[in-house]
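Accompanying notes for the structure given below.
Residues take their numbers from the sequence shown, with the count starting at 1.
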Amino acid sequence: MTDSFAQDVHKGLSAEHKFLPSKYFYDDNGSRLFKQIMDMPEYYLTNSEFEIISLQSKQIFKALEFSQPFNIVELGAGDGLKTFKFLEFLVQQDIKFNYVPVDISSEAMEMLTANLEKRLPGIVIKPKVGDYFKILSINKTSQYPSLLLFLGSNIGNYKQDKAKELLKLFNANMKKGDKLLVGFDLKKNPLTVHKAYFDSQGITKRFNLNLLLRINRELDADFQIDNFDFYCHYNPLSGDVRSYIVSLRAQQVHIKKIDKVFNFDYNELISTELSKKYSLEEIGALAKNADFKLKTNFLDCKHYFTDSLWEK
C-alpha cells in the first residue's frame, strides 16, 4: 500500500490543480472519524439508508429471487451498521447465506466480525481485507449466486466516467443472475446537503486533515496541520459536492519518502473528494450503460436516498 500511496500522493501534489485521492481517507483513524461523521444528526445519509434496510429487508430479499443459498459480498463494509438489519432478518428467517465483508481497514474488519459473531450467533462470515476485484474474481467462481452490496453512497465519490467504468468492472466480475444493491444519495434541498458536509462540529474537517497526518506518518512528511483548513461546496444543478483542503499560507512541505519538496501558495486548494447526488433518471441511465437491468429502487420516506437493485 505504501508504494502506491507514495506514487498517488506524488502525482496529486505535483498536478497543476493539486488533489489527493479520497480512497486514502480510510486508514484506521480515518475509519473512526468517518464513523463519527455518520453519527452526526446533520449527516442524513446514514439514517436514510438505515431506514431502507431496516424497514424493507423482506422486500429486498424477495426482489433477489434467489432460490438457493447465496453470497452477500459487501464492498467497503466499514462497521456494517446498515447491513446488520438485513443480515438479522435473514438469520431470523433461517435463510442460508455467506456474508463476505470487504474493506481496506483490517481494524474495521476485525471489529465487524467480532460484533456480528456476538450478535448473530451462527452467521457464516468470511471477512476479506484488500482490493475489491481480487476478491470478486474469486467470488465469480462460486457455485452460489451473489448479492453485491455497494452501499453508503460510495458511488457518488467517482466522477461520471469513473463511475461507469467501476460499474462495468462490477458487472464483468459477476455471474449471470447475480444482483447488485448500490446506494445513491438523491438530489434534494441544497441546504440539507450543505449541512451534512460542512458540519458545525468540524468532524469533516478533521477527517480531511487526517489525510495530511497519514502522509506525515507513512511517508515521513512535515505537514503542519494548523497551516491548513477545510472547505466544501454543493452545486445543486450538477449534484456535485466538492471538498478541499486549503493552504492558509505560502509554505513548503518536504515528503522524505519520495524525496520531494512541494510548494503551496496562500489559499491554494487541494481537492480531496467528490460526492455526487443523483436523480432517479440518472440512476436508470447509469444502470443501462453498465449493462445491468434496474429491478427496483428502494426509497426512504423522505426520498433523500435510494438503494437501487440491479441484475446482471
(request) Walk me through it: do Tyr26 and Phe207 pass the test side-chain contact (heavy atoms from CB on, under 4.5 Å)? (result) CA-CA 9 Å; Tyr26 301 97; Phe207 179 62; 3.8 Å; yes
(request) Apply salt bridge (charged side-chain N to carboxylate O under 4.0 Å, His left out) to Asp291 and Lys293, showing your working. (result) CA-CA 7 Å; Asp291 297 321; Lys293 175 186 177 184; over 6 Å; no
(message) Let's go through Ile155 and Phe184 carefully: what are the C-alpha distance in whole Å and the side-chain angles of both, what is the deciding distance for side-chain contact (heavy atoms from CB on, under 4.5 Å) to 0.1 Å, and is it a yes or a no?
(response) CA-CA 7 Å; Ile155 193 66; Phe184 289 93; 3.5 Å; yes
(request) Take Leu136 and Val102 through the side-chain contact (heavy atoms from CB on, under 4.5 Å) test and state the conclusion after the steps. (result) CA-CA 10 Å; Leu136 280 178; Val102 183; over 6 Å; no
(message) Evaluate Val241 against Asp185 for side-chain contact (heavy atoms from CB on, under 4.5 Å), listing each step before the verdict.
(response) CA-CA 11 Å; Val241 176; Asp185 193 11; over 6 Å; no
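With contacts defined as side-chain heavy-atom distances shorter than 4.5 Å, the pair Tyr43/Ile203 does not qualify. Between Lys295 and Glu65, some side-chain heavy-atom pair lies under the 4.5 Å cut-off. Between Leu280 and Leu186 the shortest side-chain heavy-atom distance falls below 4.5 Å. Using a 4.5 Å heavy-atom cutoff, the side chains of Val73 and Leu147 are not in contact. For the pair Ile53/Ile60, a side-chain contact is recorded, criterion being any heavy-atom separation below 4.5 Å from C-beta on. When side chains are defined from C-beta on, Phe97 counts as touching Val91, because their heavy atoms get closer than 4.5 Å. Inter-residue side-chain proximity for Phe70 and Ser146 is flagged as unmet; no heavy-atom pair is nearer than 4.5 Å. Put simply, the side chain of Ile125 reaches to within 4.5 Å of the side chain of Pro101, judged on heavy atoms.
Asp307 places no side-chain N or O within 3.5 Å of a backbone atom of Leu181 that could act as its donor or acceptor partner. A donor-acceptor contact shorter than 3.5 Å is absent between the side chain of Lys277 and the backbone of Gly156. No donor-acceptor distance shorter than 3.5 angstrom exists from the side chain of Asp199 to the backbone of Ala196, with no hydrogens or angles considered. Although no hydrogens or angles enter the test, the distance criterion places a donor-acceptor pair under 3.5 Å between the side chain of Gln56 and the main chain of Leu299. Of the possible donor and acceptor atoms, one in the side chain of Thr272 sits under 3.5 Å from a partner among the backbone N and O of Ser243. Under a 3.5 Å cut-off, the side chain of Glu51 and the backbone N or O of Cys301 do form a donor-acceptor pair. Lys23 places no side-chain N or O within 3.5 Å of a backbone atom of Pro21 that could act as its donor or acceptor partner. Counting only distance, with no hydrogens or angles, the side chain of Lys179 and the backbone of Leu64 share a donor-acceptor pair below 3.5 Å. Looking at Lys312, its side chain does come within 3.5 Å of a backbone N or O of Asn171 through a donor-acceptor pair.
Residues Asn235 and Leu237 share a closest heavy-atom pair of OD1-N, 2.9 Å. In terms of heavy atoms, Ala221 sits closest to Val253 at CB-CG1, 4.5 Å. Across every non-hydrogen atom of Phe264 and Ile270, the tightest pair is CE2-CD1, 3.6 Å. Closest non-hydrogen pair, Pro127 versus Thr113, comes out as CG-OG1, 3.4 Å.
Between Phe223 and Phe228, the distance from one ring center to the other falls under 6.0 angstrom. Taking the six-membered ring where the residue is Trp, the centroids of Phe230 and Phe198 are separated by under 6.0 Å.
Geometrically, Lys302 does not engage Tyr44 in a cation-pi contact defined by less than 6.0 Å to the ring centre and at most 45° from the axis. Relative to the six-membered ring of Tyr24, Arg214 misses at least one condition, a distance below 6.0 Å or an angle of at most 45° to the axis. Annotation: cation-pi geometry satisfied between Lys276 and Tyr278 (NZ/CZ under 6.0 angstrom from ring centroid, within 45° of ring axis).
Val193 and Tyr244 are not part of a single hydrophobic cluster, where members link through side-chain heavy atoms under 4.5 Å apart. Residue Leu13 is not grouped with residue Leu274 when hydrophobic side chains (ILVMFWY) are merged at heavy-atom distances under 4.5 angstrom, including chains of intermediate members. In terms of hydrophobic clustering, with Ile, Leu, Val, Met, Phe, Trp and Tyr side chains grouped at heavy-atom distances under 4.5 Å, Met111 and Met38 are assigned to different clusters. In the hydrophobic clustering of ILVMFWY residues, with side-chain heavy atoms under 4.5 Å counting as a link, Tyr231 and Leu20 come out apart. Hydrophobic cluster membership is shared by Ile123 and Met109, with clusters built from Ile, Leu, Val, Met, Phe, Trp and Tyr side chains linked at under 4.5 angstrom.
Here CZ of Phe34 is found 9.0 Å from OG1 of Thr204. Values are rounded to the nearest 0.5 Å. Atoms CZ and NZ, from Phe262 and Lys18 in turn, are 8.5 Å apart once rounded to the nearest 0.5 Å. One distance of note links OG1 of Thr83 with CD1 of Ile72; it measures 8.5 Å at 0.5 Å rounding. Separation of atoms CD1 (Ile258) and NE2 (His10) is listed at 5.0 Å; rounding is to 0.5 Å. The CZ atom of Phe84 sits 3.5 Å away from the CZ atom of Arg119 when rounded to the nearest 0.5 Å. Rounding to the nearest 0.5 Å places CD of Glu42 at 5.0 Å from OG of Ser200.
By the 30° and 60° cut-offs, the orientation of the rings of Phe150 relative to Phe170 is perpendicular. Ring planes of Phe292 and Trp310: tilted class, angle from 30 to 60°.
A donor atom on one side chain and an acceptor atom on the other are found under 3.5 Å apart for Asp27 and Asn210. Side-chain atoms of Ser308 and Asn297 form a donor-acceptor pair, as typed in the model, at a separation below 3.5 Å. Under 3.5 Å, the side chains of Asn71 and Ser142 contain a donor-acceptor pair of N or O atoms. Side-chain contact of Tyr144 with Asn98: a donor-acceptor pair under 3.5 Å is absent, judged by distance alone.
Other residues, nucleotides and ligands contribute over 12 non-hydrogen atoms within 6.0 Å of the NZ atom of Lys188. Around atom NZ of Lys11, no more than 12 heavy atoms belonging to other residues, nucleotides or ligands sit under 6.0 Å away. Remark: Lys187 NZ is packed, more than 12 non-hydrogen atoms of other residues, nucleotides or ligands lying under 6.0 Å away. Annotation: Lys162, atom NZ; neighbour count of heavy atoms from other residues, nucleotides and ligands within 6.0 Å does not exceed 12. Under a cut-off of 6.0 angstrom, the local environment of CZ in Arg217 is crowded, with over 12 non-hydrogen atoms contributed by other residues, nucleotides or ligands.
The side-chain contact (heavy atoms from CB on, under 4.5 Å) test with Thr306 is passed by exactly one of Thr296, Ile283, Asp300: Ile283.
A salt bridge is defined here as a Lys NZ or Arg NE, NH1 or NH2 lying under 4.0 Å from an Asp or Glu carboxylate O, and Asp28 with Arg32 fails to meet this definition. Between Lys205 and Asp229 there is a salt bridge, since at least one side-chain N of the basic residue sits less than 4.0 Å from a carboxylate O of the acidic one. Between Glu165 and Lys168 there is no salt bridge, since no side-chain nitrogen of the basic residue lies less than 4.0 Å from a carboxylate oxygen of the acidic one.
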